[in-house]
Amino acid sequence: MSAAQPGGRNLVLITVDTLRIDLGFMGYSSPVSPHLDALAARSTVFERAYSMASYTGKSVGPMMIGKYASECARNGAHFDVYGPENTFLAERLHAAGFRTMGMAPHWYFKPKYGLTQGMDLWDLSAMGDGPNTPTYSLVTSDTLSDLAIGMLSEPANVQGRFFLWVHYFDPHQRYVPHSEAPSFARPGRNPAKALYDGEVWYTDHHLGRLLDFIAAQPWADRTVIVVTSDHGEAFGEHGMTGHGVDLWEPLVRVPLVVYVPGVPAHRVHVKRSLVDLVPTLLDLLELPQPPAGELSGRSTANAITDPAQADSEERDVYLDMPVGPQVHEHHAIIHGPTPGMKLLSEGGPVFFLFDLDKDAHEAKDLAGNRKLLAPMMKTFLEKKASVHEVRVVP
């Protein structure tokens, strides 16, 4: 891989844990995301982006590797340990001469789990230092933004090309109230959702400080900024709360915003999967793609850099959540013109089928219609057979 050129683009990747598409730039009526809305207004917004799975252990690693979870070398735990046989985005960028660095506030991002492979600097100080630190109750967005700004303020970290990954965590359960945030409670509204919206507002507030800092730097005009999430969250949809069990739309549709300096703001309406993130970023950074077959996704950079090409290609979305010690096997495929037909599988003989165009809430199962089910089954089985599964014991 060629060395990084000093004048080439940098990359700031911001992932927000458990972030639904309930954001202003995606049509949400509550004012939870003014800073992300402002970023989206000057960026490419993917309106139907999908995570790799519905919980972090099966989504973040595969997203950063560029393969489906079933294809990744891992140990089969609920919070999978990803082995050195995998090649992460940070490793590819490090090999190309980038300064690679990042931070997260949760124990799953300790190096022993494999997610930090290829990182020159990795900061976990926002997690706290006690052996019994209640990670899920910590408030960390303020600290993460301080750490990120501090890291980007060090001249040695930004003198050449660099990659920064910041993983915000506050929207994840438990939902902690913030005195700074407006109240999102309404009569008859799910109180948990109101607290969640406050967490999103708080994260957006501190994420905004990082975005403002970046905008003021001399390297801002050559820095790509990407914001996305590992999965969504359920608030009563299909009788569920939380995440990590099924592949319903509220659990797997995620925001995806890509800011490339000099590219006009526009929207991509066709569906896309985060399995495409790694090849897309390599193209945006003008780095060579790995040999054919090494990545499972395909670059969608042309939909970003050329607005006229934004909706030129429909693609299937495949969702892959292998069996684990706390979850059954779950797979899904979304096929056809966006939003598409969605087939859900739980690993056995039972399938569910929904027309997302007519049934956005996945309320009417069409699997009893053989004329509709048969072609979807064919598409699903062909895709599943194409996945190079790595067998692990849960």
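- A distance-only check finds a donor-acceptor pair linking the side chain of Ser145 to the backbone of His206 [under 3.5 Å].
- Within the 3.5 Å criterion, the main-chain N or O of Val270 finds no donor-acceptor partner in the side chain of Glu314.
- No donor-acceptor distance shorter than 3.5 angstrom exists from the side chain of Ser273 to the backbone of Val317, with no hydrogens or angles considered.
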Stepwise ring-ring contact (aromatic ring centres under 6.0 Å, His included) test for Phe184 and Trp201: CA-CA 10 Å; Phe184 295 100; Trp201 182 95; 7.6 Å; no
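- Between Leu164 and Ala148 the shortest heavy-atom distance is CD2-CB, 4.2 Å.
- The side-chain heavy atoms of Met321 and Leu247, taken from C-beta on, include a pair separated by under 4.5 Å.
- Residues Thr15 and His167 bring a donor and an acceptor atom of their side chains to less than 3.5 Å of each other.
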Residues 387-394 side chain polar contacts: donor-acceptor under 3.5 Å, at least two apart:
none

Worked check of side-chain contact (heavy atoms from CB on, under 4.5 Å) between Tyr82 and Met64: CA-CA 11 Å; Tyr82 288 89; Met64 299 298 277; over 6 Å; no
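- Partner Tyr175 forms a side-chain hydrogen bond (donor to acceptor under 3.5 Å, both in side chains) with one of Lys193, Glu199, Glu233 and no other, that one being Glu233.
- In this structure, the side chains of Tyr259 and Thr223 stay at 4.5 Å or more apart for every pair of heavy atoms.
- Using a 4.5 Å cut-off on side-chain heavy atoms (C-beta onward), His231 and Asp17 make contact.
- With sequence neighbours excluded, no residue satisfies side-chain hydrogen bond (donor to acceptor under 3.5 Å, both in side chains) with Asn190.
- With values rounded to the nearest 0.5 angstrom, Asp22 atom CG is found 9.0 Å from Ser29 atom OG.
- For the pair Val226/Leu11, a side-chain contact is recorded, criterion being any heavy-atom separation below 4.5 Å from C-beta on.
- A donor-acceptor pair under 3.5 Å is formed between the side chain of Gln117 and the backbone N or O of Gly83.
- Applying the salt bridge (charged side-chain N to carboxylate O under 4.0 Å, His left out) test to every pair with at least one member in residues 44-73, sequence neighbours left out, gives these pairs: Glu47-Arg267, Arg48-Glu249, Lys58-Asp80.
- In this model, no donor atom of one side chain and acceptor atom of the other lie less than 3.5 Å apart for Asp276 and Thr280.
- Ring geometry for Trp107 against Tyr113 counts as tilted: the plane angle lies between 30° and 60°, on a 0 to 90° scale.
- Judged by distance alone, the side chains of Tyr28 and Asp197 do bring a donor and an acceptor atom under 3.5 Å apart.
- Salt bridge annotation for Glu154-Arg99: absent, with no cationic side-chain nitrogen under 4.0 angstrom from a carboxylate oxygen.
- Closest approach of Asn10 to Phe98, counting heavy atoms only: CA-CE2, 4.5 Å.
- Taking the side chain as every heavy atom from C-beta outward, Phe169 and Tyr108 never approach each other to under 4.5 Å.
- No side-chain heavy atom of Pro62 sits less than 4.5 Å from a side-chain heavy atom of Val275.
- Note on Tyr55 and Val323: separate hydrophobic clusters, where clusters join Ile, Leu, Val, Met, Phe, Trp and Tyr whose side-chain heavy atoms are under 4.5 Å apart, directly or indirectly.
- For Glu237 and Arg20, the salt-bridge test passes: some basic side-chain N is under 4.0 Å from an acidic carboxylate O.
- Two residues are said to be in side-chain contact when any heavy atoms from C-beta on lie closer than 4.5 Å; Val257 and Ile14 fail this criterion.
- Distance check, rounded to the nearest 0.5 Å: CG of Leu211 to CG of Asp204 gives 8.5 Å.
- Relative orientation of the His328 and His330 rings is tilted, given thresholds of 30° and 60° on the angle between their planes.
- Arg74 places a side-chain N or O within donor-acceptor distance of the main-chain N or O of Ala69, the cut-off being under 3.5 Å.
- Glu91 and Asn86 get closest at one heavy-atom pair: OE1-O, 3.3 Å.
- Ring-centre distance between Phe162 and Trp219: below the 6.0 Å cut-off.
- Using modelled atom types, one side-chain atom of Lys271 and one backbone atom of Arg315 make a donor-acceptor pair closer than 3.5 Å.
- Classification of the Phe380-Tyr318 ring pair by plane angle, with boundaries at 30° and 60°, yields tilted.
- Closest heavy-atom contact between Ser59 and Ala53: CB-N, 3.9 Å.
- For His178, the ring pair (Phe, Tyr, Trp, His ring centres under 6.0 Å) partners at least two apart in sequence or on another chain are Tyr202.
- Heavy atoms only, all atoms of each residue included: Asp221 and Pro261 are closest at O-CB, 3.3 Å.
- Applying the ring pair (Phe, Tyr, Trp, His ring centres under 6.0 Å) rule to pairs touching residues 275-297 yields nothing, sequence neighbours excluded.
- No more than 12 heavy atoms of other residues, nucleotides or ligands shown are found within 6.0 angstrom of NE2 on His361.
- Between the Asp359 side chain and the Lys364 main chain, a donor and an acceptor come within less than 3.5 Å of each other.
- Listed for the Ser183 side chain is a donor-acceptor partner under 3.5 Å among the backbone atoms of Ala185.
- Nearest heavy-atom pair across Asp316 and Thr379 is OD2-CG2, 3.6 Å.
- A distance-only check finds no donor-acceptor pair linking the side chain of Asp120 to the backbone of Met101 [under 3.5 Å].
- There is a path of hydrophobic side-chain contacts, each under 4.5 Å, that joins Leu121 to Leu210.
- Identified under the salt bridge (charged side-chain N to carboxylate O under 4.0 Å, His left out) test for residues 317-339, with sequence neighbours left out: Glu329-Lys384.
- The hydrophobic cluster containing Met376 also contains Leu372, counting ILVMFWY residues as joined when their side-chain heavy atoms lie under 4.5 angstrom apart, directly or transitively.
- For Thr338 (side chain) and Gly340 (main-chain N/O), no donor-acceptor pair under 3.5 Å exists by modelled atom type.
- Here the side chains of Pro255 and Ser229 are in contact, with some heavy-atom distance below 4.5 Å.
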